[in-house]
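Structure first, commentary second.
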Amino acid sequence: IGSHDPLLDELADMMHMENDLVYMSSAHVGSMGGIMAIRRGEAHAAGCHLLDTATGKYNLAFMKKYFPKGGVKLIRCVGDPDTRFREDALRMMRGIRFASALGFAIEENTAATIRENKERISAVSAERIRVELTKLLCGANVKNVLMDWWDVLGVVIPEILPMHGFDQRTPSHIYDVWEHTAVAVSETPPVTHLRLSALLHDIGKPPSFFTDEKGVGHFHGHPAVSE
């Protein structure tokens, strides 16, 4: 309970890896709501991002104020992105999932490190990737994430890579194949199987492309290829 923090997802993953019968559920009620829930004994952990304007520091003053007798621990996740992603490559998928679901911007150095390490994602189990991918696809900011992170998603689904920048060369379309796909996904109801269908519906266009004598592009049979 509290402000949503990526560390909560990391904790949930670690707990479940230690014991596959253990799960952690969370609710996003804001930093102060999380603190109050811990005080009332209604939560075990809370994401907290509260700035003390007097000191310019986060969280510590609020811990002292609301827990004067102690009894709680403040956890801070530190370290450089390269190390964190080498520890668990799924964190890269989780980062762009947050960008899609919550509209977060990924810090410049972190974004560069994701691209440098993206091939490591291929070593992550399909089950773990599926969880992040489906949540990403159902995010409100999915169009921007698909446009910005196509190369990372291409590690998971290599067939989408030729779609990026592929000129359809037809008056029937104003976008290239990948941007058309990103728009289609974002305009589809946020239901997993519907958005997956939108993501893959034109995946067969690049291999089925040809032009007629007027130079107009066609994709005869691409639905079957996309299957």
Quick one: pull up CG in Leu153 and CG in Leu161 and give me the separation to the nearest 0.5 Å. 9.5 Å
Can you see which heavy atom on Met63 is nearest to which on Ile35, and at what distance? CE-CD1, 3.6 Å
Taking the side chain as every heavy atom from C-beta outward, state whether Val177 and Ile203 have any pair of such atoms under 4.5 Å apart. no
Walk me through it: do Cys138 and Thr192 pass the test side chain to side chain contact (heavy atoms under 4.5 Å, CB included)? CA-CA 6 Å; Cys138 290; Thr192 298; 3.9 Å; yes
Test of understanding: clusters of I, L, V, M, F, W, Y form through side-chain heavy atoms closer than 4.5 Å, transitively. Do Ile157 and Val145 belong to the same one? yes
Any chance you could measure Leu146, atom CG, to Ile96, atom CD1, to the nearest 0.5 Å? 8.5 Å
Are Thr113 and Arg86 side-chain neighbours, meaning at least one heavy-atom pair lies under 4.5 Å? no
Got a second to check how far Leu196's CG is from Arg130's CZ, nearest 0.5 Å? 10.5 Å
Report the C-alpha separation of Ile129 and Leu90 in whole Å, then their side-chain angles, then the decisive distance to 0.1 Å, and conclude whether the side chain to side chain contact (heavy atoms under 4.5 Å, CB included) test is met. CA-CA 7 Å; Ile129 290 174; Leu90 187 71; 4.3 Å; yes
Atom pair CG/CD of Asp82 and Glu87 - distance to nearest 0.5 Å: 10.0 Å
Interatomic distance, NZ@Lys135 vs CZ@Phe98, rounded to 0.5 Å, equals 8.0 Å
Testing the basics here: between Leu199 and Met163, what is the closest heavy-atom pair and its distance to 0.1 Å? O-CE, 4.3 Å
So the side chain to side chain donor-acceptor pair (under 3.5 Å) pairs with at least one residue in residues 175-185 (sequence neighbours excluded) are His180-His201, His180-Asp202
Can you find a heavy atom in the side chain of Glu187 that is under 4.5 Å from one in the side chain of Val183? yes
For the residue pair Arg120 and Phe85, establish whether any side-chain heavy-atom pair is separated by less than 4.5 Å. no
Measure the spacing between CD1 of Ile114 and OG1 of Thr110 and express it to the nearest 0.5 Å. 6.5 Å
Write out all pairs satisfying side chain to side chain donor-acceptor pair (under 3.5 Å) with one or both partners inside residues 139-158, taking only residues at least two apart or from two chains. Arg115-Asp151, Asn141-Asn144, Trp150-His164
Has the side chain of Arg195 got a donor or acceptor atom that lies under 3.5 Å from a matching backbone atom of Thr188? yes
What is the minimum heavy-atom distance between Val142 and Val185, and which atoms define it? CG2-CG1, 4.0 Å
Examine Met32 and Phe67 and state if one hydrophobic cluster contains both, with Ile, Leu, Val, Met, Phe, Trp and Tyr joined whenever side-chain heavy atoms are less than 4.5 Å apart. yes
Quick check: does any side chain N or O of Ser100 sit under 3.5 Å from a backbone N or O of Arg97, one acting as donor and the other as acceptor? no
Check whether any side-chain heavy atom of Asn109 lies under 4.5 Å from a side-chain heavy atom of Pro81, and answer yes or no. yes
